[in-house]
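Accompanying notes for the structure given below.
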Amino acid sequence: MSLMRFLGENKIWWMLPILIVLLAVGFVMYMNEVSEEDVGDEPFVYDMY
């Protein structure tokens with residue numbers, strides 16, 4: 001059985017984990033969006049320099 005035939009016959013099993021990961025990453029990025037109100041007017045201050 002060739003790899004391409006296997007992937008063609010079992011699309012759901014190799015695409016499902018990829019879709020789950022993409023949805024999880026998208027959800028986390030959506031939930032952690034920085035709104036304009038959260039951003040202060042002060043620049044970053046690096047005490048080490």
Side-chain angles (χ1 to χ4, degrees):
M1 180 184 283
S2 70
L3 178 62
M4 297 309 280
R5 183 175 170 196
F6 172 78
L7 293 178
E9 292 176 356
N10 299 292
K11 287 180 185 170
I12 189 71
W13 296 116
W14 63 268
M15 288 178 65
L16 190 61
I18 296 170
L19 292 175
I20 290 172
V21 168
L22 289 176
L23 288 173
V25 169
F27 179 74
V28 169
M29 290 176 64
Y30 176 76
M31 295 304 289
N32 289 332
E33 275 187 0
V34 178
S35 67
E36 293 291 330
E37 298 166 355
D38 294 338
V39 178
D41 293 333
E42 301 176 17
F44 288 110
V45 177
Y46 298 99
D47 294 333
M48 297 294 289
Y49 298 104

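Starting from 1, each residue takes its place in the sequence as its number.
- By the rule that hydrophobic residues join a cluster once side-chain heavy atoms approach within less than 4.5 Å of another member, I18 and L7 end up as members of one cluster.
- Rounded to the nearest 0.5 Å, atoms CD1 (I20) and CE (M15) are 12.0 Å apart.
- Note on V28 and V25: separate hydrophobic clusters, where clusters join Ile, Leu, Val, Met, Phe, Trp and Tyr whose side-chain heavy atoms are under 4.5 Å apart, directly or indirectly.
- The number of heavy atoms from other shown groups lying within 6.0 Å of CH2 (W14) is above 12.
- Taking CG of L19 as the start and CD1 of I12 as the end, the distance is 7.5 Å to the nearest 0.5 Å.
- In the hydrophobic clustering of this structure, V21 does not group with W13; members are Ile, Leu, Val, Met, Phe, Trp, Tyr whose side-chain heavy atoms approach within less than 4.5 Å, directly or through other members.
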